Each structure stands twice: as structure tokens, then as C-alpha cells.
Engineer: 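Okay, handing you the structure first.
Heavy-atom basis, side chains included; hydrogens, waters and symmetry copies ignored. Please read these numbers as outputs of a predicted model, since none were measured by experiment. A note on names: the letters A, B, ... follow the listed sequences, proteins ahead of strands, and every chain is numbered from 1.
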Amino acid sequence: MSTGQLIGNGIAAFLTLCIFSFLYKDNPFYKFAERLVAGVATGYFTMLLFWTNFIPKVWEPLYERHEIIYIIPTILGIIMWTRFSKKWAWVSRYSIAFYIGIGSGVAVTLALYTYLFKQLQATIAFPISMDVAGINQLLVVVAVLASLIYFFFSTPHKGAFGVASKLGIYVIMIGFGAGFGLTVMGRIALLVNRVIFLKGYLIALFGG
Amino acid sequence: MSNDTNRNFWEKLLMIDRRWIYLTIGIVVFVPLLFRIGMPVYVTTEVQNVYDYIDALPEGAVVMIPCEYDPATMAELRPMAYALFRHCFSKNLKILSTSLQIEGVTLVKDDLAMIAAEYGKEYGKDYVFLGYKPYPSVVILNMGENFRKPFPKDYYGNNLDSLPMMKGVINYSSCACIVNINATSGADYWINYANGRYKAPLALGVTAVMATDYYTFLASGQIFGLIGGLKGASEYEKLINHTGPAARAMDVQSIAHTVIVIFIVIGNVAYFASKRKMRNF
Amino acid sequence: MDRVKFLIPTFILFIIAISCVPAAAADIVADSAIAILPPNVSDVIVSDKPNDPGGTLVVEWILPDSAALAAMPIKGVNIYLSGNHDGPFELITSLPKSALHYECSDLQDGESYYFKVTATANGLESDGITSAAGIPSGQWFNTERLPILIVVILFSITAITFIIKARGGYDFYVRPIAGIKAVDEAIGRATEMGRPILYVPGLGSAADVATIAAFTILARVAKKVVEYNTRVIVPNYDPVVMAICQEVVKEAYASAGKPELYDPKDVYFITQDQFPYTAAVNGVMLREKPATNFYMGMFYAESLVLAETGFVSGSIQIAGTDQLVQIPFFVSVCDFVLMGEELYAASAYLSREPQQLGTLKAQDLGKVTVVILIIIGVILSTIGMSGFANWFNVG
Amino acid sequence: MRREVPLLIVFLFGLFMIVQYFIPHAKFAFWYQEFNNWTIIIGIFTMIVGIGSLLSVHYSKIRFRQEGWGYSLVTIVALFGMAIVGLLGGTEGDLFLKLYRFGLSPVTATMFSLLAFFIASAAYRAFRARNVISTLLLAAAVVVMLGRVPIGEILGGWLPRWLQLPNIADFLLNVPNVAAKRAIYIGVGLGVAAVSLKIILGIERTWLGGDGGKR
């Protein structure tokens with residue numbers, strides 16, 4: 001490591017330890033790191049927005065290519081600044097309305113496609129048979145039906161319906177447990193990575 | 001009297017300060033990094049599928065390996081990228097890569113160049129790195145038409161047409177398959193657009209957490225293989241016979257998982273023991 | 001060109017010869033026939049790409065039959081484009097022989113285009129076959145998406161019918177959801193303890209439905225907070241979400257007649273980066289010691305970091321998210337969890353407006369339909385009729 | 001003006017976005033792209049509102065010398081420092097990248113890695129066999145945790161193949177896990193469609209503030 005890298009990594013190692021210190025309890029070091037990165041991250045992402053979005057999407061079309069149409073979104077954007085005023089803050093609703101209108105319009109078809117159609121098709125595409133795959137498919141179908149029944153809002157969960165919805169919540173909980181177990185792996189890996197970083201830095205610092 | 005101390009013991013165990021648990025995990029992670037243990041690895045079919053697919057490709061075929069990982073997620077995904085790069089280069093396949101996550105671009109660029117150097121591969125002839133463009137969904141769609149559309153130039157500023165490898169490589173249909181290594185929900189775009197719209201054979205390498213979500217797509221046939229987290233990476237390392245970072249980290253995982261399970265068992269023993277004692281009173 | 005014409009009969013003779021020569025000798029013959037051009041592809045057909053915005057044509061061709069390929073294995077095809085049938089043609093792409101079609105985009109709608117497809121082998125190229133004219137155009141309806149259109153229409157009609165019915169005074173049964181009932185209790189607890197409430201609207205954007213559901217729950221929380229004279233802290237990740245949260249909380253104070261008590265500094269922006277945001281919210285939890293933490297909206301890896309820290313600081317915690325991966329963590333650490341759809345339903349529950357509940361009924365009807373479709377679909381797949389399942393495989 | 005116009009805007013643009021999904025023609029594709037672009041542009045300008053909020057919170061802390069005002073100073077200095085470096089040198093600038101690499105990314109990665117500790121303490125505390133539901137959660141988690149690492153193969157190695165931990169773990173991931181997710185996804189799909197429709201129709205209008213005001 002060069003001296004520059006040693007200093008850079010020194011800062012990184014210090015910040016790493018600041019965050020780890022939180023495990024013991026809240027302390028000034030953690031608070032310092034927390035507040036530092038709140039500023040750094042905001043600065044970082046604002047600049048990213050500025051260079052990769054503002055310049056190519058607002059500045060260049062308007063100022064260099066004179067595409068008049070971009071005046072509309074620019075005004076919608078500037079309208080958001082009325083939020084700084086108590087009296088005019090309501091005007092920002094126009095931009096928010098546009099934003100939410102676009103979002104929910106896209107969501108209707110997208111949700112039906114990715115969540116409903118795709119999942120439905122995947123559930124019914126495979127035949128039930130007497131081999132392992134076929135029996136698994138049967139179990140999946142039964143489990144999907146039971147879990148769907150658990151999410152019924154307008155029917156009391158009683159009688160046969162109650163039994164099915166109970167089976168449903170059991171399936172969901174086993175599924176969640178499995179998901180939890182699988183996740184543990186990735187999280188340990190992250191810690192391993194940090195420990196390797198600290199170890200590497202110490203070796204570089206004191207010569208291993 | 002003895003009953004009383006017993007109860008205190010179990011109850012204390014139930015209420016144990018979380019910091020003891022933190023400390024145990026810290027030790028468990030640190031110590032195995034000093035010694036190599038070498039646990040056996042069991043290869044799952046979803047990883048085997050990816051390996052088989054790539055292994056069967058003829059020399060010179062182009063494999064597209066877009067990598068979307070950043071400093072926070074590289075722990076899990078970098079070993080996977082290494083293993084895939086190694087596999088392709090050792091089979092004399094060509095790699096076309098890109099990174100549609102801004103924080104990962106330089107990481108991926110360096111990783112690819114490093115493994116390429118290991119195999120004496122030449123940039124432009126054996127591998128090409130397209131770099132980054134914002135809005136992954138749009139970029140993925142456009143690449144389905146022509147790589148030159150979003151990337152007239154590669155990361156290093158070369159014209160794509162000036163690179164010998166890119167001759168005749170137009171879009172996904174010119175690639176034998178796509179293996180997307182992804183730590184973000186952007187993996188969905190690859191499924192919906194690259195596979196859904198352009199019918200490119202697609203496999204995913206994702207973090208262990210995401211893997212549960214993507215089993216559905218495996219079952220529905222939208223992806224032909226799935227490499228999940230370090231476990232998947234270590235399986236791939238085993239398949240290509242190259243012990244790498246994943247295998248070492250897997251040792252830590254094995255022990256850490258066991259320790260967590262022991263915690264759970266102790267917690268339950270304590271729970272039932274304290275409950276029984278309470279009933280006695 | 002003349003040479004080529006001469007070569008074709010030669011080639012046919014060659015094929016006949018090949019089929020007579022014993023297999024072992026074939027290699028030798030192939031070597032000596034190196035000057036022969038590769039066999040042509042056939043049936044080059046150009047068509048407009050269906051269901052597209054326009055400007056794209058699809059070229060399809062058929063490779064020479066296996067006998068011809070055995071004589072001279074081709075490597076791939078070259079595709080040429082021209083505005084005239086007789087050229088000049090411009091090479092636009094080379095594809096491996098596994099490719100049997102090519103989509104050519106960036107063309108002009110309404111213009112005629114001709115494609116020539118040639119086969120290549122050993123550095124040689126067949127003379128190629130030219131297609132008939134293809135004219136690209138954009139379509140006004142995507143037929144592949146017809147099934148979705150049907151579902152959108154049916155679902156909208158059902159939902160609107162129930163909404164109208166509900167407005168007319170029809171009373172719907174809705175089963176209790178523990179997490180929703182807990183919302184009110186949790187607010188009461190905060191009041192008793194004299195500690196604030198922390199409301200985390202997640203990392204979603206204002207256009208995500210989970211975040212929109214979070215606004216509704218915040219509206220309820222804020223209303224109660226004003227009633228009980230406590231305080232709600234809302235740290236934000238997205239500035240648009242912050243703007244709406246401010247509006248929601250301000251409105252709660254205004255409609256209770258106490259607009260002066262609203263402090264915009266309680267609904268504030270932290271940063272638009274996942275973990276710095278998490279670090280800051282952790283800080284709030286440990287320093288403000290809220291009695292109750294709400295996590296509503298979209299959460300990713302930070303879910304457990306937040307929930308564990310919240311537990312350490314001794315808060316009651318209620319979470320709601322549609323991010324499947326994170327639900328298990330919330331389930332194990334939080335006191336109440338709204339899973340997936342329950343989060344959206346919460347807005348209907350909490351508003352207690354009958355017309356809001358009407359859409360819940362429509363959703364349930366949707367689920368009944370799904371249950372029936374799954375049963376029918378699996379039976380059909382099992383008896384070998386996969387067409388039904390493919391109907392849902394839309395583009 | 002305050003309620004009706006926003007509700008009309010939501011209705012019109014929401015409806016357009018639904019309709020355009022079914023119309024592939026270039027004219028609609030163009031406006032679809034544009035409108036998506038516009039939402040991004042609104043987001044860019046709104047960032048200023050976010051920064052305004054951040055500054056006002058920290059500025060008042062500094063001004064009134066509230067407890068911990070020094071930390072607020074750290075935030076503001078870091079924000080402006082990063083912004084100036086980014087403005088002058090661009091996002092590819094050496095210093096900008098270094099600040100990111102040594103200042104931001106270690107904190108991000110370390111915050112993320114805290115999960116290794118938290119997941120262990122959460123598992124210890126929460127995974128108790130109190131009732132059927134929590135027992136199922138716990139058992140599935142334990143099986144997958146062991147089944148997905150090499151030690152799982154050693155532990156149950158003497159059992160018949162189908163009873164070994166990795167196989168049971170795979171079964172849990174491929175059957176109950178997939179089934180639960182499909183069911184939740186199907187519900188989410190219907191729920192998202194329903195809520196979105198309510199927004200477009202102006203029935204759900206909390207986003208206007210409070211209950212959107214009674215009409």
C-alpha cells in the first residue's frame with residue numbers, strides 16, 4: 001500500500017470500528033460516523049443526480065437542444081419548491097399528482113402481469129404425477145391454495161375454511177423460516193468481508 | 001433453595017445480554033479465517049445447470065456476464081464472478097460484461113481485468129467491458145436490439161466495432177447465454193426483458209437472501225440456473241476445481257451457522273426449563 | 001454470378017456423389033471440394049414484427065438440409081439490407097447458424113425493405129437468397145396482452161360495482177387483522193409513557209403502492225397523536241415521500257384545530273442512501289427512545305438492523321411490508337406484522353369508509369377466481385393440455 | 001383548485017398509463033418514455049426540498065446550540081464538502097471517488113454487516129417453540145441454516161439420501177417457500193391493482209394530506 005492508500009484505508013478502518021462500536025452501545029464515535037455519512041451520502045447522491053440526470057435530462061434538452069417540451073417537467077419540478085412556503089405549499093400537489101398518477105397507472109398492469117399472471121402460470125404449468133417432481137407439484141398447488149385462503153379478508157376463518165387458512169399460515173411460516181435460514185448465510189459473508197478488510201489493513205500497517 | 005438457583009440460572013440465560021451473543025459471533029468469524037478447515041461441498045442442481053450449460057459451449061462462444069454488485073454486496077457476489085470468469089476463460093469462451101449499478105462499475109472492471117490477466121486473455125479479443133449507463137431497464141431493453149444502441153463505445157472509450165470480439169456480436173441472440181450476477185432488484189429486468197422479451201437463455205447469480213425469491217423463476221423456467229450467495233459460489237468453485245474465496249468463507253459459515261443453531265437450542269432449553277420451574281411454584 | 005450459376009449443378013452432383021461415397025471417404029472429398037461455395041439457405045421470409053411500436057422487421061430463413069450441411073458444414077449467416085430488390089445490399093449483421101431469425105430495428109415505417117441472407121463457411125459465402133419486400137409498421141393493439149386487458153376490465157368492473165354497492169349502504173364483513181388493531185393500542189401506550197412515536201416510511205418512492213399504504217396508516221397515527229398530545233417523528237429517505245408525509249401530518253393537526261402545534265422538523269429528510277439512512281434512524285431510536293416504532297412501506301436489508309435496534313431501545317414495534325424477503329425478520333422481531341396484501345388492506349380498514357372496503361371484496365373475488373383457475377389449470381396440465389397454462393404466458 | 005385539479009391529473013395520467021400498456025404504437029411508446037422521464041425530473045428538483053429540510057433541522061440545532069450541535073456541523077460540512085468536490089471535479093473525479101471509497105462505502109458495508117450479529121441475537125430471542133406457528137418457523141430456519149452449509153452434509157450423512165439435511169432444506173425452499181411466495185405475490189398483485197385503481201378513481205387520496213379533505 002502507498003502512503004495515500006494507507007491513510008485512505010486508515011480512515012475506512014476507523015469508520016468501520018466506529019460503526020462496530022454501536023454493538024456495545026451508542027457512543028460519540030458512532031454518532032460522529034452516522035452524522036458524517038448522512039452528509040457525505042447526501043452530497044454524493046445529489047451530485048450523482050446532478051451529473052447523470054439533471055445535465056442530460058434537463059439542461060441538455062432545454063439549453064442545448066431547445067426541446068421546448070421539457071419546460072413542462074421542469075415547471076413541475078420547480079413547483080415542488082413551493083413546499084418552502086407555508087402559503088403556497090399546496091401547489092406542489094400538482095406535481096405530486098402527476099408523479100402518483102404515472103406510478104399507479106403503470107402499477108395496475110405491471111402488478112397483474114408480474115405478480116398475478118406469471119405466478120398463476122408457474123403454478124399450473126407443471127403436471128401432477130407419481131414421481132418426485134410431480135408430488136412436489138401437487139404439494140405446491142395445495143400449499144398455494146391454502147396460503148391464498150389465509151389472505152381472504154371478507155370471509156370468517158371458520159369451519160373447513162378455517163382449517164385451510166390454518167394450513168395456509170403454517171405453509172407461510174415454514175416458508176418464512178426457510179427464507180430466514182437462507183439469509184443468515186449472506187449476512188455472515190458480509191461480516192467476513194469486513195473482518196478480512198480490517199485484517200488486511202493491520203497487516204499492511206504493521207507489516208505482516 | 002436449589003430450585004431457586006436453578007430457576008435463576010435458566011431465567012438469566014433467557015435474559016442474557018445480547019452483547020455476549022455478538023462477542024461469540026465475532027470470535028466465530030475471526031478465528032476460522034486464520035486456519036483453513038476445508039468442509040466438503042455438495043453441489044445443487046441449480047448451480048450444476050449453469051456449469052453444464054457453459055461447459056458444453058464451443059470454444060469462442062460469447063457468454064454475457066453482466067455484474068451488478070457494489071461494495072456492500074461484493075462479499076457474496078465477487079467470488080461468484082471470479083468463478084464464472086475463470087470457467088469461461090479456461091474454456092476459451094469470450095466474455096461480454098457490463099455493470100448497470102453505478103457503485104459497482106470500477107469494481108467489476110478491475111475484477112474482470114484481474115482474472116483475464118490470470119489466463120493471459122486480451123482485452124477486445126477475449127473479453128469486453130461495456131461499462132455503465134443509467135436506467136437498467138431501458139439499457140437492458142436496448143441491448144436486446146443492439147449492444148451499440150446504449151453502448152456505442154465500451155467503458156474505455158473504444159468503438160464497439162473496432163473491437164475484434166464484437167464483430168458479429170449484435171445483441172443477446174449473438175450470445176450463447178447470459179449469466180447475470182446481481183445484488184439488486186434489477187435482476188427482474190433481466191428476467192422480464194432479456195429473457196421475457198428477447199428469449200435469451202438466462203441464469204442468475206444472486207445473494208443468498210434474494211435466492212429464495214428467484215426459485216420461483218427457476219421453477220417457471222424463466223431462468224435455467226441459479227447461483228445463490230457464497231454457497232452457490234463455493235459449489236461453482238468446486239465444479240471448476242479452483243478453491244477460491246468462497247470456499248474459505250464457507251468454512252466460517254458452517255461454524256457460524258452451527259453456533260447460531262446452538263444458540264437457538266440453548267434458548268429453547270432455557271425457555272422450557274424456566275417454564276417448568278415456574279409451574280412448580 | 002455466372003460462376004455461381006455454374007456451380008449450383010456441380011453442387012447438386014456433388015451432393016449425389018457424397019451420398020454414394022462411403023462415410024469414411026467423405027472427409028477426403030470435402031477437402032478437395034474447398035472451392036465450392038456453401039449451400040444457400042432457403043425460404044427467406046420477412047414480416048412486420050407483431051405487437052411492436054413500429055420500425056422493426058423480422059427475417060426468418062431455413063438452413064440447408066442435413067445432407068447439404070454434411071457436405072459443407074456452414075458456420076453462420078450474413079444478413080444484408082437494401083431499399084431495392086436488386087441492391088445495393090449492405091451487410092448489417094452476421095449470426096451463428098443456431099440463429100434462425102433476426103429482428104432488424106430502426107427502420108422507417110411504411111418503407112419497403114429487402115433482406116438478403118447468405119450462408120458462410122470456410123471464409124466463403126453463398127450467393128444468398130433475397131426476400132420479398134417487408135414494410136414495417138407499428139400496431140395499435142398488442143394482441144399478446146389481451147388476457148391482461150380482460151382481467152383489468154373485469155377487475156375494474158367488479159371493484160367499481162362493490163364500491164357503488166358500498167356507497168349504497170351495503171355492509172361488508174371484514175375479518176380482524178391483529179396488526180391493524182394493534183395500531184391504536186400502540187399509540188395509546190406511547191401516550192401513557194409520554195414518549196414519542198417513530199414512523200419509518202421505508203425506502204420506497206411515493207409511487208409505490210406500499211408507500212401509499214404507509215401514508216394512510218400515517219394519517220391514522222398522526223390523527224391519534226394529535227388527539228393524545230404526543231409526538232410523531234418521521235425520518236425520510238425520499239424527498240417526495242417526505243413532502244407527502246409532511247402534508248399528511250400537517251393535515252392531521254389542522255383538522256384537529258391545532259395547526260400551530262405542527263413542527264415540520266419532526267417530518268424530515270435524512271439521506272437517500274440505504275445504510276446511512278439506517279444509521280441515522282438507529283440513532284433516533286436510541287436517543288429519542290420512542291415508545292412505538294412503525295415500519296410501513298418498502299424495506300430491504302435494513303429491516304432487521306432497524307427492528308433489532310428498536311427492540312434494544314425497548315419499543316413496541318409494528319411492521320408492514322410487501323417485500324417478501326424481509327417479512328421473516330419483521331415476523332421474528334416485531335410485535336405485529338402486516339404481510340403483503342394486509343398492508344394495503346390496512347388503508348381500507350383504518351379509513352372505515354365502506355367504499356374502501358368494497359375493493360377488498362373485489363380482491364377476494366379475484367382470489368376465488370385464482371383458486372378456481374389453479375384447480376382447473378393443474379387438472380388440464382396433468383391430462384396433457386398445456387394450452388390453458390400458456391394463455392397466462394403473456395408478452 | 002386544491003383538490004379537484006390534482007385528482008383530475010391523477011385520473012388522466014393514470015388512465016393513460018394503463019391504456020398505453022396495450023398499445024404498442026410508437027406514438028404511445030414515446031409518451032410512455034417521456035412521462036417516465038418527467039417523474040425522474042420531478043425527483044431531481046425535489047431533492048432540493050430534501051436538502052432544505054436537512055439543512056433546516058441541523059441549522060436550528062447549531063444556531064440554538066442544542067445538545068450535540070457539533071455533530072450537526074459535521075453533517076453540514078460533509079454535505080457541502082462532497083457537493084463542492086462533485087461540482088468541480090464531476091462524479092468521475094479522483095477526489096470524489098476517493099471520498100466515496102474511503103468515507104462512505106466502509107460505513108455502508110459495515111452497517112450491512114451488523115446484520116450478522118443482529119440475526120444471531122434475533123434468532124436466539126425469537127426462535128422459541130411457544131406455539132405451532134413459532135415452532136414451524138424455528139424448525140424450518142434451523143434445517144435450512146444447517147442444510148445449506150457443508151456441515152449439514154456431515155451431520156446427517158448416515159441417513160438415507162432423501163432424509164439428509166441438504167435435501168430437506170431444498171424441499172423447504174422449493175415447496176413451502178415457493179408456495180408461500182406465490183400466494184403472497186398473487187395477493188400483492190391484486191392488492192396493488194386495487195389500490196392503484198382507487199387512487200386513479202380518486203377514492204384513495206391520503207397522499208393529498210390527511211384524508212384528502214372531505215368534499
Engineer: What pairs meet the salt bridge (Lys or Arg N to Asp or Glu O under 4.0 Å) rule with one or both residues in residues 298-310 of chain C, with sequence neighbours excluded?
Structural biologist: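 Every salt bridge (Lys or Arg N to Asp or Glu O under 4.0 Å) pair that includes a residue of residues 298-310 of chain C, provided the two are not neighbours, is C/Glu308-D/Arg125.
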
Engineer: Test side-chain contact (heavy atoms from CB on, under 4.5 Å) on C/Lys367 and A/Ile149 and set out the steps.
Structural biologist: CA-CA 8 Å; C/Lys367 272 173 266 177; A/Ile149 284 171; over 6 Å; no

Engineer: Heavy-atom pairs under 4.5 Å with chain A - which of C/Val370, C/Thr271, C/Leu304, C/Val312 has more of them than the others?
Structural biologist: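 Counting heavy-atom pairs under 4.5 Å, the top option is C/Thr271.
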
Engineer: For the pair A/Ile124 and C/Leu373, evaluate side-chain contact (heavy atoms from CB on, under 4.5 Å) and give the outcome as yes or no after the intermediate values.
Structural biologist: CA-CA 9 Å; A/Ile124 62 180; C/Leu373 288 176; 6.0 Å; no

Engineer: Does A/Ile172 reach the side chain of C/Ile327, with side-chain heavy atoms less than 4.5 Å apart?
Structural biologist: no

Engineer: Quick one: which of A/Ala178, A/Ser95, A/Ser104, A/Ser154 has the most heavy-atom pairs under 4.5 Å with chain C, could you say?
Structural biologist: A/Ser154

Engineer: Determine the option with the most heavy-atom pairs under 4.5 angstrom with chain C, choosing from A/Thr155, A/Leu116, A/Leu138.
Structural biologist: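 Heavy-atom pairs under 4.5 Å are most numerous for A/Thr155.
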
Engineer: Sort C/Tyr277 into side chain, backbone, both or neither according to what part of it lies under 4.5 angstrom from a heavy atom of chain A.
Structural biologist: neither

Engineer: Which heavy atom in C/Gly283 sits nearest to a heavy atom in A/Glu34, and how many Å separate them?
Structural biologist: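 Closest heavy-atom pair between C/Gly283 and A/Glu34: CA-OE1, 3.8 Å.
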
Engineer: Give, as side chain, backbone, both or neither, the part of A/Ser92 having an atom under 4.5 angstrom from any heavy atom of chain C.
Structural biologist: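 No part of A/Ser92 comes within 4.5 Å of chain C.
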
Engineer: Evaluate the side-chain proximity of C/Thr382 to A/Gln137: yes if any heavy-atom separation is below 4.5 Å, no if none is.
Structural biologist: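 Of all side-chain heavy-atom pairs linking C/Thr382 with A/Gln137, none is under 4.5 Å.
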
Engineer: If you count every heavy atom of other residues, nucleotides or ligands that lies below 6.0 Å from A/Phe161 atom CZ, does the total exceed 12?
Structural biologist: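 Yes - once you tally the heavy atoms of other residues, nucleotides and ligands closer than 6.0 Å, there are more than 12.
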
Engineer: Take the angle between the ring planes of A/Phe180 and C/Phe329 and call it parallel below 30°, perpendicular above 60°, tilted in between.
Structural biologist: tilted

Engineer: Identify which part of C/Ser156 has an atom lying under 4.5 Å from any heavy atom of chain A, answering side chain, backbone, both or neither.
Structural biologist: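 Neither part.
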
Engineer: Can you see which heavy atom on A/Phe151 is nearest to which on C/Met339, and at what distance?
Structural biologist: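 Closest heavy-atom pair between A/Phe151 and C/Met339: CE2-O, 3.6 Å.
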
Engineer: Counting heavy-atom pairs closer than 4.5 Å to chain C, which one of A/Thr42, A/Leu49, A/Thr46 comes out on top?
Structural biologist: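 Heavy-atom pairs under 4.5 Å are most numerous for A/Thr42.
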
Engineer: Any side-chain heavy atom of A/Tyr30 within less than 4.5 Å of one from C/Asn282?
Structural biologist: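 Yes, their side chains come closer than 4.5 Å.
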
Engineer: Stepwise, does the side-chain contact (heavy atoms from CB on, under 4.5 Å) test hold for C/Arg287 with A/Lys31?
Structural biologist: CA-CA 10 Å; C/Arg287 285 156 220 154; A/Lys31 207 167 170 184; 3.5 Å; yes

Engineer: Among A/Leu36, A/Val108, A/Thr183, which residue has the highest count of heavy-atom pairs closer than 4.5 Å to chain C?
Structural biologist: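 Maximum pair count with chain C is reached by A/Thr183.
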
Engineer: In terms of heavy-atom proximity below 4.5 Å to chain C, should A/Ile96 be classed as side chain, backbone, both, or neither?
Structural biologist: side chain

Engineer: Quick one: what part of C/Pro264 sits under 4.5 Å from any heavy atom of chain A, side chain, backbone, both or neither?
Structural biologist: neither

Engineer: Do C/Ser205 and A/Tyr99 make a side-chain contact, defined as non-hydrogen atoms from C-beta onward lying under 4.5 Å apart?
Structural biologist: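 A side-chain contact exists here, since the closest heavy-atom pair is under 4.5 Å.
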
Engineer: What is the distance from atom CD of C/Gln326 to atom CZ of A/Phe176, rounded to the nearest 0.5 Å?
Structural biologist: 11.0 Å

Engineer: Please classify the contact between C/Val368 and chain A as side chain, backbone, both or neither, with a heavy-atom cut-off of under 4.5 Å.
Structural biologist: both

Engineer: Taking atom OH of A/Tyr24 as the centre, report whether more than 12 heavy atoms of other residues, nucleotides or ligands fall under 6.0 Å from it.
Structural biologist: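 Incorrect, the count does not exceed 12.
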
Engineer: Might you work through the side-chain contact (heavy atoms from CB on, under 4.5 Å) test for C/Leu286 and A/Lys25, ending with a clear yes or no?
Structural biologist: CA-CA 9 Å; C/Leu286 292 179; A/Lys25 65 179 205 186; over 6 Å; no

Engineer: Does any non-hydrogen side-chain atom of A/Phe153 lie less than 4.5 Å from one of C/Ile177?
Structural biologist: yes

Engineer: Report which part of C/Leu149 has an atom under 4.5 Å of a heavy atom belonging to chain A: side chain, backbone, both, or neither.
Structural biologist: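 For C/Leu149, there is no contact with chain A at all, as no heavy atom is under 4.5 Å.
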
Engineer: If you take all heavy atoms of A/Gln121 and C/Ala389, which pair is closest and at what distance?
Structural biologist: CG-O, 3.1 Å

Engineer: A/Val40 versus chain C, heavy atoms under 4.5 Å apart: side chain, backbone, both or neither?
Structural biologist: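 Neither part; nothing is under 4.5 Å.
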
Engineer: If I measure from the heavy atoms of chain A, does C/Val371 come under 4.5 Å with its side chain, its backbone, both, or neither?
Structural biologist: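 Contact with chain A: backbone and side chain both.
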
Engineer: Crowded around A/Tyr115 OH? As in, over 12 foreign heavy atoms under 6.0 Å?
Structural biologist: no

Engineer: Between atom CD1 of C/Ile148 and atom CG of A/Leu110, what is the distance when rounded to the nearest 0.5 Å?
Structural biologist: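 Rounded to the nearest 0.5 Å, the CD1-CG separation comes to 9.0 Å.
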
Engineer: Identify which part of C/Glu342 has an atom lying under 4.5 Å from any heavy atom of chain A, answering side chain, backbone, both or neither.
Structural biologist: both

Engineer: With a 4.5 angstrom heavy-atom cut-off, could you sort out which part of A/Leu148 is near chain C: side chain, backbone, both or neither?
Structural biologist: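 Both the backbone and the side chain of A/Leu148 come within 4.5 Å of chain C.
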
Engineer: Tell me, side chain or backbone of C/Ala348 under 4.5 Å from chain A's heavy atoms, or both, or neither?
Structural biologist: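 Interface part for C/Ala348: neither.
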
Engineer: Counting only heavy atoms from other residues, nucleotides and ligands, does the tally under 6.0 Å from NZ of C/Lys181 exceed 12?
Structural biologist: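 Counting neighbours around NZ of C/Lys181, 12 or fewer heavy atoms of other residues, nucleotides or ligands fall under 6.0 Å, so no.
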
Engineer: Against chain C, label A/Phe45 side chain, backbone, both or neither, depending on which of its atoms sit under 4.5 Å from a heavy atom there.
Structural biologist: side chain

Engineer: Might you confirm whether atom CZ of C/Phe141 has over 12 heavy atoms from other residues, nucleotides or ligands at distances under 6.0 Å?
Structural biologist: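 Check passes, neighbour count above 12.
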
Engineer: Of the listed residues (A/Ala41, A/Gly103, A/Ala33), which shares the most heavy-atom pairs with chain C below a 4.5 Å separation?
Structural biologist: A/Ala41

Engineer: Among C/Leu380, C/Ile383, C/Ile374, single out the residue with the greatest number of heavy-atom pairs under 4.5 Å to chain A.
Structural biologist: C/Ile374

Engineer: Of all of A/Phe22, A/Phe126, A/Tyr44, A/Trp90, which one pairs up most often with chain C through heavy atoms under 4.5 Å apart?
Structural biologist: A/Phe22

Engineer: Please say whether more than 12 non-hydrogen atoms of neighbouring residues, nucleotides or ligands are located less than 6.0 Å from NZ in A/Lys86.
Structural biologist: no

Engineer: Is C/Phe275 close to chain A through its backbone or its side chain, or both, or neither, when contacts mean heavy atoms under 4.5 Å?
Structural biologist: neither

